[in-house]
Amino acid sequence: AGVLGIYGLITAVIINGKLDTPATYSSYSGYAHLGAGLTVGMSSLAAGLAIGIVGDAGVRANAQQPRLFVGMILILIFAEAL
């Protein structure tokens, strides 16, 4: 889940590079930057929730059936990537 934080950091650096002086910074740019930050933040929150749910179910299933370990790891990777 550390990659999700790096996505937020990259977005913050890009937005910081596009900031202008307050006299030339338009409302459109402000709302666009707010939308970009919210999009990254909310998608990271949803991915973190998916990782938590899949991880919990995977650990419980792995305790009952050890053959499910590889499938659990693959589902966790897909939950983070999507």
Side-chain angles (χ1 to χ4, degrees):
V3 174
L4 301 174
I6 292 173
Y7 292 154
L9 181 66
I10 290 170
T11 304
V13 169
I14 291 171
I15 290 172
N16 190 25
K18 299 204 180 272
L19 291 178
D20 292 331
T21 59
T24 60
Y25 192 67
S26 66
S27 293
Y28 177 79
S29 296
Y31 284 119
H33 293 155
L34 176 67
L38 284 175
T39 301
V40 171
M42 295 305 256
S43 64
S44 294
L45 183 67
L49 182 66
I51 291 169
I53 291 171
V54 169
D56 178 51
V59 167
R60 292 175 192 267
N62 189 31
Q64 294 176 355
Q65 188 65 258
R67 290 184 298 156
L68 297 174
F69 182 73
V70 174
M72 178 189 70
I73 296 298
L74 288 173
I75 292 172
L76 279 171
I77 290 170
F78 287 130
E80 185 173 357
L82 297 178

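These numbers come from the heavy atoms of this one structure, side chains and all, not from hydrogens, waters or symmetry mates.
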Pair up each side-chain donor or acceptor in residues 66-73 with any protein partner under 3.5 Å, not counting sequence neighbours, and list the distances.
residue : atom : partner : partner atom : Å
R67     : NE   : Q65     : OE1          : 3.4

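- L9 belongs to no hydrophobic cluster, as no Ile, Leu, Val, Met, Phe, Trp or Tyr side chain comes under 4.5 Å of its own.
- Atom OH of Y25 sits in a crowded spot, with more than 12 heavy atoms from other residues, nucleotides or ligands closer than 6.0 Å.
- Taking each heavy atom of I51 and L76 in turn, the nearest pair found is O-CD2, 3.6 Å.
- Taken to the nearest 0.5 Å, the OG1 atom of T11 stands 12.0 Å off from the CG atom of N16.
- Every pair passing salt bridge (charged side-chain N to carboxylate O under 4.0 Å, His left out) that includes a residue from residues 36-56 is listed here, sequence neighbours excluded: D56-R60.
- Of all heavy-atom pairs between I15 and A36, the closest is CD1-CB, 4.2 Å.
- The two atoms that bring L4 and A47 nearest to each other are CD1-CB, 3.9 Å, heavy atoms only.
- Under the 4.5 Å side-chain heavy-atom criterion for Ile, Leu, Val, Met, Phe, Trp and Tyr, V54 and V3 are members of the same hydrophobic cluster.
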